[in-house]
Amino acid sequence: MASVKQIMGTLPTTQKLSSLSSLLISSTKFMQISHNFRNCPFSSYVPRKGRKLLIVKSKSVISEDYYVKQSQPSDVVSFNHNGSSKIKVKVVVTVRNKIKEDLKELIVKRLDNLCDIFGRNVVLQLVSTKIDPRTRGPKKSGEAVLKDWSKKSKLKAEKVNYFTEFMVDSNFGKPGAILVTNKHQQEFYLESITLEGFALGPLHFPCNSWVQSFYDLPTRRIFFHNKPYLPHETPAGLRALREKELKELRGDGKGERKLSDRIYEYDVYNDLGKPDKSSELTRPILGGKAIPYPRRCRTGRPLSVTDPRIETRVEKPLPIYVPRDEQFEEQKSGTFSFCRLRAVLHNILPSLTTNISSKHDFTGFKHLDTLFNEGLILNLDLNDDLVKKLPKFVTKLRTTTQAILKFDTPTIVAKDKLAWMRDDEFARQFLAGVNPLSIERMTCFPPVSKLDPEEHGYVESALNDEHILGHLDGMSVQEALDKNRLYIVDYHDIYLPFLDRINSQDGRKAYATRTVFFLTSAGTLMPIAIELSVSGSNSKSKRVVNPPVNATTNWMWQIAKAHVCANDAGVHQLVQHWLRTHATLEPFILAAHRRLSCMHPIYKLVEPHMRYTLHINALARQNLINCDGVIEDCFTPGKYAMEISAAAYKTWRFDVQDLPSDLIQRGIAVPDSTQPHGLRLLIKDYPYATDGLLIWDAINKWVRDYVTHYYTDPSLVSEDRELQSWYNEAVKVGHADVSDAPWWPILKTPEDLIKILSTLIWLASAQHAALNYGQYPYGGYMPNRPVLMRRLIPNENDPEYVSFLSDPQKYYFTALPGVLQTSKFIAVIDTLSTHSPDEEYLGERPLPSTWTGDPKIIEKFFEFSAEMRKIEEEIERRNNDPSLRNRCGAGIIPYELMAPSSEPGVTCRGVPNSITI
């Protein structure tokens with residue numbers, strides 16, 4: 001047998017690891033790098049608490065579980081009769097074990113271990129990038145079986161490495177894909193496959209997918225090498241497999257989807273109601289000409305008997321279909337389940353006391369505080385008779401897990417118990433709170449409605465100059481407008497068409513509000529007038545409330561602000577949060593899986609920004625936005641909540657969803673090439689905008705570096721059939737009801753692609769984070785941010801006016817949600833505000849070796865990651881700057897919602913890569 005040196009010649013010796021590029025092409029001696037450390041690019045980076053920084057090479061830091069090897073020739077073991085040699089290829093397959101398995105899974109696992117011994121194995125086959133000249137199809141190796149499955153699957157480890165070997169001809173070419181067949185009965189999670197033995201070094205195949213039993217899905221799974229290819233660059237041996245994989249993911253649009261399926265299809269929102277149960281639980285279909293809306297992931301469940309257009313529902317705790325790889329991983333699922341347990345316990349206890357006391361309102365601030373400093377069991381003073389009614393698992397927890405039944409004190413009152421009552425704090429939260437997207441600059445006064453007067457009646461504003469002149473620092477109204485000192489949060493047009501229906505529901509009262517703010521010389525906003533409308537028919541249906549001058553008007557003012565907050569809470573949850581991030585991104589995610597191969601460089605770019613979104617959206621349809629769900633129960637619009645969201649979709653535009661365009665559209669910024677980011681902010685201390693622009697620019701630069709690396713010729717964008725198919729389908733099918741709108745960006749050049757991708761990544765990461773992770777810190781204390789109001793402000797001739805005068809504070813609490821609604825709502829937003837331990841934050845990625853084989857792109861990503869660390873430091877500096885009064889000062893919550901990193905839990909900070917909750 002010829003020696004390696006005779007056959008292969010002398011290969012380069014070990015290269016010094018002076019840069020990441022040289023590091024990635026080196027291979028045979030192992031040097032294991034940190035296990036407890038995420039991707040962190042530069043030696044100047046200070047690891048977050050609980051993490052270790054072990055290895056720094058030049059200016060590159062390598063991630064957990066990464067192995068550096070030095071190049072050596074392959075093992076040539078024999079020759080064929082035609083003179084070609086055989087190469088022994090060693091295969092390492094990493095499988096992720098479940099930490100907790102139920103009885104059924106354990107039984108099936110033991111059966112699989114037994115069957116594995118008798119030949120029902122996990123089988124692999126290599127596919128070359130070359131075409132086999134004999135078959136004119138992809139060149140394939142023989143099959144190989146994973147060794148020692150029955151022994152190693154018993155290991156109590158998170159990850160297990162299995163091994164096998166292939167013998168391939170030396171002219172086999174570079175393996176570009178691996179076919180995997182699971183002949184066991186149970187699925188398993190395949191994380192990665194690594195091939196060793198080829199002269200070009202180890203080859204990595206990122207998998208990160210559940211491999212179903214061949215008896216459930218009779219097809220071999222395809223996993224591709226981590227080298228990205230544009231469609232026209234695809235090696236001949238992989239072209240058919242690339243098309244086959246995409247075709248399988250698209251499905252046929254027929255039948256009910258099984259939980260094990262990996263099929264991505266579109267459907268309308270026809271699963272929110274339960275007409276078969278009650279006509280009161282009927283909800284309109286969202287999506288179509290009647291009510292335009294984005295599309296959701298199809299499940300194909302049976303249709304209802306009462307209305308065959310409506311899909312039947314799957315109620316919790318039964319799982320709802322999402323493609324198998326989109327489902328929560330075990331750690332995420334565990335965190336979500338624990339939070340759900342807390343929510344259940346918080347809701348069981350108040351509901352069991354409904355027959356004990358007819359009064360279910362908070363009696364005052366001390367009563368409200370017991371939710372946080374005593375817990376629900378102590379708060380409700382449960383007697384022995386009531387304890388007997390509790391489920392057994394609750395009574396067992398009573399003495400041992402009191403913390404589960406008690407809410408943490410929300411940040412808004414932890415620093416200053418009375419901060420929520422101050423007008424400057426009320427205004428500040430429109431710049432640095434949960435919903436910083438509704439504030440607009442006023443260009444005219446009084447404000448003008450865009451509603452049709454013939455349809456909605458008299459819609460002229462009740463505001464006039466006299467209402468605000470005394471609050472303008474001596475300026476006239478026109479001077480204040482000209483100097484950009486007047487701002488407004490205007491919910492008049494979005495609520496007015498629904499007011500009569502909202503107010504006809506029991507226990508719900510709403511106004512359509514407008515709130516006018518004055519920008520002070522200190523750079524802060526002050527509310528100077530609130531307009532409250534109950535209908536558009538005449539001027540008597542509107543009233544204006546100004547800041548208080550005495551104790552009576554103070555409580556009227558507080559109730560007026562509470563109604564503004566209730567309007568804002570509805571718009572925030574239904575429009576800014578759900579519609580503008582969750583719902584409108586789902587079609588782009590579905591289209592990406594259906595039309596972009598996992599080999600496509602753009603798919604590799606956006607993949608981490610799609611994680612968990614389909615699953616959390618499905619859970620929202622099951623528990624939150626459905627009939628009788630949390631949104632309908634806890635928010636003022638009630639059963640009309642999703643119709644308000646759909647009404648907002650009619651004015652939604654994708655081309656202004658990026659941060660700079662949004663700020664310009666709202667009049668908060670004007671283009672200015674001399675300023676950082678090309679914009680001049682008219683409210684200089686606007687934390688959401690100032691921090692957001694840092695992240696937007698970093699995302700835009702990273703995407704630009706990435707796109708221009710692969711699309712070296714501008715014509716490649718328009719010629720990329722997968723890319724064009726993705727965007728066209730997302731618009732024409734996923735957003736079919738508005739697909740003909742002229743504002744959709746075209747996709748012809750790299751610049752077009754950069755803007756579209758930057759917008760999508762911004763929405764999935766920073767935009768969603770800014771709207772989501774402050775919900776409990778700000779909204780957990782109901783007086784700061786009521787989501788539902790039960791009473792209007794009484795007029796002098798109303799019977800309620802006397803009771804209001806006699807005890808305005810008591811009246812105020814009867815206008816807020818009661819104990820049960822409050823506890824239910826804050827239990828839910830506690831869950832929504834929680835970061836899971838497995839969260840991946842902006843600037844973090846899976847291992848470079850399993851993500852991409854392009855060292856230049858990894859270097860660029862490390863630059864982006866380093867920029868995230870710099871932004872985090874800049875945000876910390878700003879939060880300590882006393883001149884920035886909207887983020888620093890006594891009782892002020894620092895603005896950290898755009899700070900990229902976070903620890904697990906409710907932290908009011910952290911920007912995950914994707915919408916994960």
Any pair counted as salt bridge (Lys or Arg N to Asp or Glu O under 4.0 Å), so long as it reaches residues 569-584, sequence neighbours left out: Arg580-Asp662
Residue list, ring pair (Phe, Tyr, Trp, His ring centres under 6.0 Å) with His677, at least two apart or on another chain: none
Rounded distance (nearest 0.5 Å) linking atom CD1 of Ile320 with atom CG of Asp271: 6.0 Å
Geometric class of the Tyr773/His835 ring pair [parallel <30°, tilted 30-60°, perpendicular >60°]: parallel
Under 3.5 Å: donor-acceptor pair, side chain of Thr584, backbone of Leu579: yes
Salt bridge flag under 4.0 Å for residues Glu751 and Arg704: yes
Taking every non-hydrogen atom, the tightest pair across Ser645 and Trp578: OG-CD1, 4.0 Å
Pairwise distance CG(Leu757) to CZ(Phe588) - rounded to 0.5 angstrom: 10.0 Å
Member of Arg595, Arg295, Arg250 meeting the salt bridge (Lys or Arg N to Asp or Glu O under 4.0 Å) criterion with Glu729: Arg595
Flag for His577-Gln573: side-chain donor and acceptor within less than 3.5 Å: yes
Any side-chain heavy-atom pair of Arg721 and Gln724 under 4.5 Å: no
Those residues that, when tested against Tyr711, pass ring pair (Phe, Tyr, Trp, His ring centres under 6.0 Å) (two or more places apart): none
Spacing of Ile631 atom CD1 and Ile644 atom CD1 [to the nearest 0.5 Å]: 11.5 Å
Heavy-atom pair with the smallest gap, counting every atom of Pro206 and Asn226: CD-CB, 3.6 Å
Main-chain N/O of Ala569 paired to Asn435 side chain as donor or acceptor, under 3.5 Å: no
Minimal non-hydrogen separation, Gly300 against Glu311, with atom names: N-OE2, 3.4 Å
Candidates Arg298, Lys247, Arg257 - the one meeting salt bridge (Lys or Arg N to Asp or Glu O under 4.0 Å) with Asp252: Arg257
Heavy-atom side-chain proximity of Leu437 to Gln767 below 4.5 angstrom: yes
Donor-acceptor contact below 3.5 Å, side chain Thr749 vs main chain Pro714: no
Side chain to side chain donor-acceptor pair (under 3.5 Å) against Tyr686, all qualifying residues, sequence neighbours excluded: Arg666
Separation of Leu760 CG from Gln657 CD (nearest 0.5 Å): 10.0 Å
Presence of salt bridge, Asp691 and Arg887, under 4.0 angstrom: yes
Leu286 side, atom CG; Met642 side, atom CE - distance, nearest 0.5 Å: 5.5 Å
Atom CZ of Arg680: over 12 foreign heavy atoms under 6.0 Å: no
Note, Ser209 side chain near Arg221 side chain (heavy atom, < 4.5 Å): yes
Results of salt bridge (charged side-chain N to carboxylate O under 4.0 Å, His left out) for Asp697 - residues two or more places apart only: none
Side chains of Glu722 and Ser597 in contact at under 4.5 Å (non-hydrogen atoms): yes
Residues in side chain to side chain donor-acceptor pair (under 3.5 Å) contact with Asn626, at least two apart in sequence or another chain: none
Contact summary for Ser914 and Pro608, nearest pair of heavy atoms: CB-O, 3.4 Å
Results of salt bridge (charged side-chain N to carboxylate O under 4.0 Å, His left out) for Lys755 - residues two or more places apart only: Asp658
Cys297 backbone acceptor or donor facing Glu586 side chain under 3.5 Å: yes
Polar side-chain atom of Arg441 near backbone of Gly667 as donor-acceptor pair, under 3.5 Å: yes
Stepwise side-chain hydrogen bond (donor to acceptor under 3.5 Å, both in side chains) test for His600 and Asp720: CA-CA 10 Å; His600 199 293; Asp720 187 334; 2.7 Å; yes
pair Glu329-Arg611: side-chain heavy atoms closer than 4.5 Å: yes
Heavy-atom closest pair, residues Ala736 and Ser739: O-OG, 3.0 Å
Partners meeting ring pair (Phe, Tyr, Trp, His ring centres under 6.0 Å) with Trp702 (sequence neighbours left out): Tyr706, Phe861, Phe864
Contacts of type side chain to side chain donor-acceptor pair (under 3.5 Å), residue Lys701, not counting sequence neighbours: Asp705
NZ/Lys244: more than 12 non-hydrogen atoms of other groups inside 6.0 Å: yes
Heavy-atom closest pair, residues Ser758 and Asn700: OG-ND2, 3.2 Å
Side-chain touch Tyr649/Val738, heavy atoms, less than 4.5 angstrom: yes
CD (Glu876) with more than 12 external heavy atoms under 6.0 Å: no
Side-chain touch Ile756/Phe654, heavy atoms, less than 4.5 angstrom: yes
Pair Asp568-Tyr491, side-chain hydrogen bond (donor to acceptor under 3.5 Å, both in side chains): steps then yes or no: CA-CA 8 Å; Asp568 184 67; Tyr491 294 136; 2.4 Å; yes
For Asp752, all residues meeting salt bridge (charged side-chain N to carboxylate O under 4.0 Å, His left out), sequence neighbours excluded: none
For Arg239, all residues meeting salt bridge (charged side-chain N to carboxylate O under 4.0 Å, His left out), sequence neighbours excluded: none
Pairwise distance CG(Leu614) to OH(Tyr264) - rounded to 0.5 angstrom: 7.0 Å
Polar contact flag, side-chain donor to acceptor under 3.5 angstrom, Asp838-Ser836: yes
Sidechain-backbone polar pair: Arg296 side chain, Val268 backbone, donor-acceptor under 3.5 Å: yes
Residues Ser902, Glu839; criterion side-chain hydrogen bond (donor to acceptor under 3.5 Å, both in side chains); working and verdict: CA-CA 9 Å; Ser902 175; Glu839 203 84 85; over 6 Å; no
Side-chain (His609) to main-chain (Ile761) donor-acceptor, under 3.5 angstrom: no
Close side-chain approach of Leu897 and Tyr688, heavy atoms under 4.5 Å: no
Any donor-acceptor N or O pair under 3.5 Å, side chains Tyr776, Thr834: no
With sequence neighbours excluded, residues passing ring pair (Phe, Tyr, Trp, His ring centres under 6.0 Å) with Tyr321: none
